[in-house]
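Working notes for the structure below.
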There are 2 protein chains.
Amino acid sequence: MVATRRAQMVEETRARLIRAARAAFATQGYAAASMDELTAEAGLTRGALYHHFGDKTGLMQAVVAQIDAEMATRLAEVRDRAPDAWQGLLDESVAYIEMALEPEIRRIMLLDGPAVLGDPSRWPSQNACLRTTTQTIQGLMDQGIVQRLDAEATARLLNGAALSAALWIAAAEDPPAVLAKSIQVFRNLATGLLRPAEGAG
Amino acid sequence: MVATRRAQMVEETRARLIRAARAAFATQGYAAASMDELTAEAGLTRGALYHHFGDKTGLMQAVVAQIDAEMATRLAEVRDRAPDAWQGLLDESVAYIEMALEPEIRRIMLLDGPAVLGDPSRWPSQNACLRTTTQTIQGLMDQGIVQRLDAEATARLLNGAALSAALWIAAAEDPPAVLAKSIQVFRNLATGLLRPAEGAG
DNA sequence: ACAATTGACATACGCCGCGTATGTCGCCAG
DNA sequence: CTGGCGACATACGCGGCGTATGTCAATTGT
């Protein structure tokens, strides 16, 4: 397989560019990041970048996809460690909030991403992360633990609440305290999804 | 009052620039909007813009502040029309979701705003809108209708859920249907905040 | 009433950054 | 061994932001 050797070189180049772009986008922001600088950081020039990714947004898309895949993996691990599905949902949400505190994720995925690539709903990658949550919720509904609602809508609103909490925490003076408050509220919100024991409402 | 006359001219100029900027930012996005074009649209040049707003982000800040003030007013009206505070909170949230469907608000406040000005938590204007919601919730807690939690955290998470719903709806093929689903889920989430009748959990 | 000053803009310039067009070099096919 | 293709580097143009400079009207002090 000599052709594979060639393809590996290409993958290596793409990986180097994406790595440099992640660092540049995370620290300077998408708009302020210079493609000359980040390609030089990767030991290449803008020629390689445009050859592989088309334009700056193409590079951003690749970066977003990579980070999103990592997030999905990490969230799945958290979910699988939980004793039951409901607890898994809660743990996963808390983990999501905590991940959103990481500067790279916050800046690229939460701040610049929507402005550059449009609504996250449209990102194919985001759907991967969200779809698993949706399935978890669907499972809880099928088990009769959670009320029958639209599973995707439920996943999205829970996700939005967690996201908002994360942004708030990241900007707070005392992040741990704000994190604790947020988790408390999040748990209560989620409780509203549970099927009432009986005769409630 | 001759000095007032002068000040009025200035206000008129600022208003014209902000109006043109709102249109340009809403239709083309912040990054793609050219300051030459939007100032020309206002019958002025970039000189006036830099004189009054310092730089492009200064103009964005002014635009965001204006829109946010309008949103706060509209939300207050909705809240005041409700028969009680709890219903007011729900109505206000639904109104927020619906407002986020307007292209101008969506593009400027939800997509570009965070990327340009940083976390919305930091915007002084956003706090105005959020503070009233926080007070509404605090009142509900004092009345014993809502569980005692951190009022600001509650307001922020509810807001985040609504925001997420709005972005989703705006990108959906069938917005009305998705809107209905979202409101349904939102109501359930909010119910989790209510004080349990008794002996629950 | 008049000169000096300040403020509200317009004009002109430089710099940077993106995108593209063009060139070069190595690898594989025939 | 040679022709073509893919993976880059290099060179160029265009547009946009920010700033420095200029101009004119309005205001103030006397």
Side-chain angles (χ1 to χ4, degrees), chain A residues 1-64 108 112-113 115-117, chain B residues 1-64 108 112-113 115-117:
Chain A
M1 277 209 199
V2 186
T4 303
R5 176 123 199 111
R6 185 89 180 153
Q8 271 185 355
M9 297 290 292
V10 170
E11 272 317 301
E12 166 67 16
T13 298
R14 288 177 56 96
R16 288 230 308 270
L17 287 172
I18 291 177
R19 197 179 319 147
R22 280 178 70 149
F25 291 167
T27 56
Q28 316 174 19
Y30 174 84
S34 161
M35 303 178 69
D36 279 322
E37 284 180 16
L38 75 87
T39 51
E41 195 73 24
L44 296 162
T45 67
R46 276 195 0 261
L49 202 156
Y50 281 95
H51 181 71
H52 287 292
F53 299 101
D55 63 352
K56 197 178 182 181
T57 68
L59 179 61
M60 180 64 159
Q61 240 174 326
V63 167
V64 163
I108 296 178
D112 285 341
V116 176
L117 304 178
Chain B
M1 276 208 199
V2 186
T4 303
R5 177 121 200 114
R6 183 90 181 151
Q8 269 184 356
M9 297 290 293
V10 170
E11 272 317 300
E12 166 67 16
T13 297
R14 288 176 56 96
R16 289 229 308 271
L17 286 172
I18 291 177
R19 197 179 321 148
R22 279 179 70 150
F25 291 167
T27 56
Q28 317 174 20
Y30 174 83
S34 161
M35 303 180 68
D36 278 321
E37 285 180 16
L38 74 88
T39 51
E41 195 74 22
L44 296 162
T45 67
R46 276 193 3 258
L49 202 156
Y50 281 95
H51 181 71
H52 287 292
F53 299 101
D55 63 353
K56 198 179 182 181
T57 68
L59 179 60
M60 180 65 160
Q61 239 173 328
V63 167
V64 162
I108 296 178
D112 285 342
V116 177
L117 304 178

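In the text below, chain A, chain B and the rest are named by the order of the sequence lines, each starting its count at 1.
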Euclidean distance, atom [atom1] of residue [X] to atom [atom2] of [N] [Å, nearest integer]:
| X | N | atom1 | atom2 | value |
| --- | --- | --- | --- | --- |
| A:Met60 | C:dC18 | CE | C1' | 16 Å |
| B:Leu59 | D:dG16 | CG | P | 16 Å |
| B:Glu11 | C:dA8 | CD | C1' | 13 Å |
| A:Lys56 | D:dG15 | NZ | P | 19 Å |
| A:Tyr50 | C:dT22 | OH | P | 17 Å |
| B:Asp55 | D:dG16 | CG | P | 17 Å |
| A:Phe53 | D:dC8 | CZ | P | 10 Å |
| B:Leu49 | D:dG18 | CG | P | 9 Å |

Roughly how far apart are [X] [atom1] and [Y] [atom2], rounded to 0.5 Å?
| X | Y | atom1 | atom2 | result |
| --- | --- | --- | --- | --- |
| B:Glu41 | B:Ser34 | CD | OG | 11.0 Å |
| A:Tyr30 | A:Ile108 | OH | CD1 | 11.5 Å |
| A:Leu44 | A:Arg14 | CG | CZ | 13.0 Å |

* Asked: What pairs with B:Asp36 under salt bridge (charged side-chain N to carboxylate O under 4.0 Å, His left out), at least two apart in sequence or on another chain?
  ->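 Checked B:Asp36 against salt bridge (charged side-chain N to carboxylate O under 4.0 Å, His left out); matches are B:Arg46.
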* A:Arg19: salt bridge (charged side-chain N to carboxylate O under 4.0 Å, His left out) partners, not counting sequence neighbours ->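 For A:Arg19, no residue satisfies salt bridge (charged side-chain N to carboxylate O under 4.0 Å, His left out) once neighbours in sequence are set aside.
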Does [N] have its OP1 or OP2 closer than 4.0 Å to a side-chain nitrogen or oxygen of [X]?
| X | N | result |
| --- | --- | --- |
| B:His51 | C:dA8 | yes |
| A:Thr13 | D:dC8 | yes |
| A:His52 | D:dC8 | yes |

* Asked: Which atoms form the tightest heavy-atom contact between A:Asp55 and A:Tyr50, and what is the distance?
  ->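 Closest approach of A:Asp55 to A:Tyr50: CA-CE2, 3.7 Å.
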* **Smallest separation among heavy atoms of B:Ala62 and B:Ile18, with atom names** =>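 Shortest heavy-atom separation between B:Ala62 and B:Ile18 comes out as CB-CD1, 3.9 Å.
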* Nucleotide of C:dT20, D:dC8, C:dC9 approaching B:Val10 most closely (side-chain heavy atoms) ->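 Selected nucleotide: C:dC9.
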* Sub-4.0 Å heavy-atom contacts from residues 27-44 of chain A onto DNA chain C, ordered by number ->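 Listed by number, they are A:Ala33, A:Ser34, A:Met35.
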